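Small disclaimer: the values here were computed from a predicted structure and weren't measured.
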Amino acid sequence: MIFLIRFIQNATDIYSLILVVFALMSWFPNAYESSFGRLIVSLVKPILIPLQRLPLQFAGLDLSVWIAVLLVRFLGNQLIHLLLIFI
């Protein structure tokens, strides 16, 4: 069970890091068109597309990436709590 909890924690940490890398890539021109950029975009788009439909733009900033980080962290913690209840 500890292995599963650590796996969920590590997965949420890694995916959160991927989301932050996606956000930082916007500062570099043509970063999304590189092979690394296409890989990051393909990993991030499934969670960002539904969030980008919501009105999360404020003063020219798209906050959907940061909401996605919070959502991934929250869901990971809730899944861990759910597993601990059933032990």
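- In the hydrophobic clustering of ILVMFWY residues, with side-chain heavy atoms under 4.5 Å counting as a link, V65 and L39 come out together.
- Atom CG of residue L19 and atom CD1 of residue I47 lie 6.5 Å apart, to the nearest 0.5 angstrom.
- Residue pairs meeting the salt bridge (charged side-chain N to carboxylate O under 4.0 Å, His left out) criterion with at least one member in residues 17-30, sequence neighbours excluded, do not occur.
- Sorted by first and then second residue, the side-chain hydrogen bond (donor to acceptor under 3.5 Å, both in side chains) pairs involving residues 74-87 (not counting sequence neighbours) form an empty list.
- Screening residues 74-83 for salt bridge (charged side-chain N to carboxylate O under 4.0 Å, His left out) gives no qualifying pairs among residues at least two apart or on separate chains.
- For residues 43-60, the set of pairs meeting the side-chain hydrogen bond (donor to acceptor under 3.5 Å, both in side chains) definition, not counting sequence neighbours, comprises Q57-D62.
- Under the side-chain contact (heavy atoms from CB on, under 4.5 Å) criterion, L82 pairs with F86, sequence neighbours left out.
- Applying the side-chain contact (heavy atoms from CB on, under 4.5 Å) rule to I18 yields the partners I14, I40, L43, V44; only residues at least two apart in sequence or on another chain are considered.
- Under the side-chain contact (heavy atoms from CB on, under 4.5 Å) criterion, I85 pairs with no residue, sequence neighbours left out.
- For residues 22-43, the set of pairs meeting the side-chain hydrogen bond (donor to acceptor under 3.5 Å, both in side chains) definition, not counting sequence neighbours, is empty.
- The line from CD1 of I80 to CZ of R6 is 8.5 Å long, rounded to the nearest 0.5 Å.
- Contacts classified as salt bridge (charged side-chain N to carboxylate O under 4.0 Å, His left out) and involving residues 64-87 (residues at least two apart or in different chains) are given here: D13-R73.
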Could you walk me through whether V21 and F36 pass the side chain to side chain contact (heavy atoms under 4.5 Å, CB included) check? CA-CA 11 Å; V21 168; F36 178 71; 4.0 Å; yes

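- When every heavy atom of L48 is checked against every heavy atom of S64, the shortest pair comes out as CD2-O, 3.8 Å.
- The CG atom of L24 lies 9.0 Å from the CG atom of L17; values are rounded to the nearest 0.5 Å.
- Side-chain heavy atoms closer than 4.5 Å link hydrophobic residues (I, L, V, M, F, W, Y) into clusters, and following such links, possibly through other members, connects L63 to V20.
- Note that CZ of F74 is 11.5 Å distant from CG of L79, once rounded to the nearest 0.5 Å.
- In this structure, L84 CG and I5 CD1 are separated by 4.0 Å, a value rounded to the nearest 0.5 Å.
- With sequence neighbours left out, the side-chain contact (heavy atoms from CB on, under 4.5 Å) criterion links A11 to no other residue.
- Residue I67 is grouped with residue L54 when hydrophobic side chains (ILVMFWY) are merged at heavy-atom distances under 4.5 angstrom, including chains of intermediate members.
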Test side chain to side chain contact (heavy atoms under 4.5 Å, CB included) on I8 and L83 and set out the steps. CA-CA 11 Å; I8 293 169; L83 287 173; 3.5 Å; yes

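- Under a 4.5 Å side-chain heavy-atom criterion applied to ILVMFWY residues, the cluster that includes F3 comprises that residue alone.
- Put simply, the side chain of Y15 does not reach to within 4.5 Å of the side chain of V69, judged on heavy atoms.
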